[in-house]
Amino acid sequence: MLAATAFSAAVAGAAALPAGPALAQGSLLDKAKDLLGGEGSAGAAGSLSTAEISDGLREALRVGTERVVGQLGQTDGFNADPDIHIPLPESLQGVQKALQTVGMSDLADDLELRLNRAAEQATPQAKQIFWDAISAMTVEDAEAILNGPDDAATRYFQDKMTAPLGEAMRPVIDQSLDDVGAIAAYDTMMGEYKALPFMPDAKADLTDYALEQALDGLFTYVAREEAAICSDPAKRTTEILQKVFGG
């Protein structure tokens with residue numbers, strides 16, 4: 001998946017707290033104490049439990065997910081964002097170029113816009129699926145992420161979220177493609193393309209493609225939000241986030 005590397009780096013980086021030789025060994029609680037200034041730190045912040053660290057990781061992901069869904073699930077959430085804008089599938093880019101040569105590029109541009117609109121319309125369905133997977137994270141899961149390899153967080157969240165997200169969003173994407181006129185736009189575009197002489201066959205599964213691109217966009221921004229919660233105090237909007245990541 002396109003976002004796997006970014007998601008691994010950001011989520012694992014956020015979950016692992018400060019990295020370095022001093023934190024290469026020791027328990028989860030030791031890492032929390034180091035984050036918060038050692039055993040001598042004043043108040044409850046100096047004695048975080050494993051469960052509190054786990055709660056902090058879950059809350060960071062909940063907060064990040066809510067922000068992401070709100071941002072991407074609105075008009076131009078995908079279309080106007082160069083980082084996650086959905087282009088035409090590679091298999092249709094030749095069609096796009098061919099239509100440009102005969103002054104009909106607007107047909108391909110229209111389809112591209114409608115693919116982005118379908119992703120924007122389907123995105124709100126993702127929030128509950130993310131939250132369900134996050135709620136299911138155990139203390140052992142959190143500890144495994146903290147003490148695991150660089151891609152431990154990515155493996156966990158992909159295992160927990162990719163299948164249910166895809167299952168929940170596929171019918172919504174399919175319906176959204178129809179609602180926003182993408183299917184009709186595709187048929188019109190391909191009709192004009194096939195009327196051109198000597199053009200090779202071309203086709204695409206719009207549902208599969210739009211779903212894959214929508215999930216990549218979601219994971220890209222969840223990773224950014226997770227990293228921001230650890231680095232930007234203004235993003236720590238709940239008590240547990242302030243306690244775990246406040247440092």
Side-chain angles (χ1 to χ4, degrees), residues 1-16 54-73 77-78 81 83-87 89-91 115-180 182-183 204-227 229:
M1 180 175 284
L2 176 67
T5 302
F7 189 51
S8 175
V11 177
S54 178
D55 286 344
L57 295 176
R58 284 196 294 264
E59 183 68 6
L61 287 167
R62 287 192 190 97
V63 169
T65 297
E66 187 164 24
R67 288 185 182 133
V68 168
V69 169
Q71 176 182 334
L72 304 191
F78 277 82
D81 189 328
D83 290 338
I84 60 170
H85 173 86
I86 301 175
E90 187 175 350
S91 61
L115 287 174
N116 284 273
R117 292 288 184 256
E120 292 158 6
Q121 187 169 307
T123 291
Q125 300 294 319
K127 184 170 76 170
Q128 189 60 50
I129 306 298
F130 268 96
W131 283 16
D132 288 347
I134 292 163
S135 296
M137 181 190 291
T138 65
V139 170
E140 290 75 19
D141 291 329
E143 198 163 0
I145 289 171
L146 289 169
N147 295 315
D150 291 344
D151 62 349
T154 295
R155 291 178 183 178
Y156 175 82
F157 289 112
Q158 284 183 324
D159 286 348
K160 295 290 184 180
M161 295 179 182
T162 300
L165 274 174
E167 183 179 350
M169 290 181 67
R170 177 177 293 279
V172 181
I173 285 280
D174 200 32
Q175 185 62 51
S176 296
L177 286 168
D178 191 36
D179 290 345
V180 303
I183 303 301
D205 186 321
L206 295 185
T207 298
D208 283 350
Y209 178 73
L211 177 60
E212 178 184 355
Q213 294 293 308
L215 292 178
D216 281 349
L218 281 166
F219 276 106
T220 293
Y221 269 94
V222 167
R224 292 181 184 181
E225 282 293 329
E226 173 70 8
I229 284 168

*How far apart are the closest heavy atoms of A122 and I173, and which atoms are they?*
CB-CD1, 3.6 Å

*Quick one: list whatever passes side chain to side chain donor-acceptor pair (under 3.5 Å) with D208, sequence neighbours left out.*
R170

*Under 4.5 Å between any side-chain heavy atoms of V180 and E120, yes or no?*
no

*Could you pull out all residues at least two apart from A119 that satisfy side chain to side chain contact (heavy atoms under 4.5 Å, CB included)?*
F78, I86, A214

*For residues P124 and V69, report the shortest heavy-atom separation together with the two atoms involved.*
CA-CG1, 3.6 Å

_Distance (rounded to the nearest 0.5 Å) between T123 OG1 and L215 CG_ = 9.0 Å

*With S176, which residues qualify under side chain to side chain donor-acceptor pair (under 3.5 Å), at least two apart?*
Q121

*Would you name the heavy atoms of L218 and A126 that are closest together and state the gap between them?*
CD1-CB, 3.7 Å

_Going by side chain to side chain donor-acceptor pair (under 3.5 Å), name the residues that satisfy it together with Q175, two or more places apart in sequence or in a different chain._
D179

*Side-chain donor/acceptor of D174 to backbone N/O of P171, under 3.5 Å*: no

*Got a sec, which residues hit side chain to side chain donor-acceptor pair (under 3.5 Å) with D132, two or more places apart in sequence or on another chain?*
Q128

_Closest non-hydrogen atom pair, D81 against D83_ = OD1-N, 2.9 Å

*asked:* Which residues pass the side chain to side chain contact (heavy atoms under 4.5 Å, CB included) test with S135, not counting sequence neighbours?
replied: R62

_Straight-line distance of T207 OG1 to D178 CG, nearest 0.5 Å_ = 9.5 Å

*Would you name the heavy atoms of L72 and I84 that are closest together and state the gap between them?*
CD2-CD1, 3.4 Å

*Y209 versus L115: any side-chain heavy-atom pair under 4.5 Å?*
yes

*First locate atom CD of E66, then atom CH2 of W131, and finally report the distance between them rounded to the nearest 0.5 Å.*
4.5 Å

*Atom CD of Q213 and atom NE2 of H85: how far apart are they, to the nearest 0.5 Å?*
10.0 Å

